[in-house]
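Report on the structure given below.
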Amino acid sequence: MSSHFPSISRIAYEGPKSKNPLAFKHYNPDEVVEGKTMRDHLRFSIVYWHTMCGQGGDMFGAPTAIRPWDAGKSGIELAKARVPVFFEIAEKLGMPYYAFHDRDVAPHGQTLRESNEYLDTIVALLKEQQQRTGIKLLWGTAQLFVHPRFMHGAATSPSSEVFAFSAAQVKKALEVTHELGGEGYTFWGGREGYMTLWNTDMKRELDHLAKFLHMAVDYAKQIGFKGQFYIEPKPKEPTKHQYDSDAAACLNFLREYDLLPYFKLNLETNHATLAGHSMQHEMEVAGAAGALGSLDANTGDLLLGWDTDQFLTDASTATQMMLTTLKYGGLTTGGVNFDAKVRRESVDPEDLFYSHIGGMDTFARGLKNAAAIRADGRLGDFVKQRYSTWDTGLGASIEAGKESFSSLEAFALEKGEATQVPSGRQEFLENLVNEFI
Ligand code: XUL
Ligand code: CO
């Protein structure tokens, strides 16, 4: 088999003292943490779109990326050429999973029929590579935001024809995800939102979105696809307001339209901060609702207000993410999916390796730190103790539903003042967590 990276071999774990930039310092796939290997905890996944299609162009500048395998090719020939390169990268990084959009693995055709044929051609190649490498599909998705027909949205377009084209595209994307043994299917509402309320019937658009998702659930049943459905929240970009703006908004929408039994959330770090939340907040909101599904692992830049999709190298954020992951029983169908791209200035093919190695090591550190914090027990004990007035007496009686406003008024009048209001100890706890980072 020809190699596009002859000087890079399979990335190995060399430990924290290693100075080899092409080695893992923390990600040791077989190391057991809380009874499970790191590989099984983290379920790393590499994305097709940024890795193979990211060219380094931005709204001010031309593509910068050096990608020798792309040279001189276009259309379906380019799409075919990228498949083995992608799997070589994934395999050398030891990625157990990958994720893709239909239109980033295969090109748009002139018609839906032609697009479907292109997709079938590439799906056959993906399947071969999956069989060769053992790499599995974490989730598939349909790209419903690039083509001009989606300018007003897909399922929320004011045009019923666009709704129909979107349905046809998702139908096919579900079929190929199923064919490839995908463990999930993600809906990111690419343009499901509005640019101005002056032209928007929000209620009607939300009803349509729900109808669309119900059709997807029904079709999955029809074809026997048992993978997990995800919704991926994001507050803005490309539209001014995206309906799936954050975890709480998604959960409310799913509940309102009886979709919650079928969906979990795929949370993305950079989307969380765009929504004005920390990723840990978003994960706690999802976890509390039993809907913590999968993680699009990246980060934004604090000084930039858009979705920069950078690789996360901050161990503190990764520790928070892994603490909440462990708290809710770990990732089951989901994974740590690197929806992240190298900077426009990182032009060389090997930058694709440094970036993923850094991301994987950061999450491995986060996992080890989180497990150590949990084993230490002081943080967990503090939180438990903070709520201890609910464990017996008055609190237990309220939780058991035995009290009312009248009985509590009687208690307060008798008591005179609440005396059990201890310090929150924020700084003490921040110092405690820092002992592990
Ligand atoms: C966009 C984004 C998408 C989804 C899949 O911000 O995160 O790539 O993850 O459509
Ligand atoms: Co994403």
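One-based numbering, in listed order, for ligands and for the atoms of each.
Classified by interplanar angle (parallel below 30°, tilted 30° to 60°, perpendicular above 60°), the ring pair Y48/F86 is tilted.
Atom OE2 is the N/O/S atom of E232 found closest to the Co ion (ligand 2). Restricting E268 to its N/O/S atoms, the shortest distance to the Co ion (ligand 2) is reached by OE1. Between the Co ion (ligand 2) and the N, O or S atoms of D296, the shortest distance is to OD2.
The distance from the Co ion (ligand 2) to the nearest N/O/S atom of D339 is under 2.8 Å.
Side-chain polar atoms of E88 and S3 form a donor-acceptor pair below 3.5 angstrom. A donor-acceptor contact closer than 3.5 angstrom links the side chains of Q310 and T308. With 3.5 Å as the limit, one finds a donor-acceptor pair spanning the side chains of H50 and D339.
For the side chain to side chain donor-acceptor pair (under 3.5 Å) with Y243, the lone residue among E192, E205, K234 that qualifies is E205.
Under the 6.0 Å cut-off for aromatic ring centres, Y97 and W139 do not qualify, their centroids lying 6.0 Å or more apart. Taking the six-membered ring for Trp and the full ring otherwise, H101 and F145 have centroids separated by under 6.0 Å. No close placement of the F165 and F150 rings is indicated, their centers lying 6.0 Å or farther apart.
Annotation: ligand 1 has protein neighbours W49, H101, W139, W188, E232, K234, E268, H271, D296, D307, D339, each with a heavy atom less than 4.0 angstrom from the ligand.
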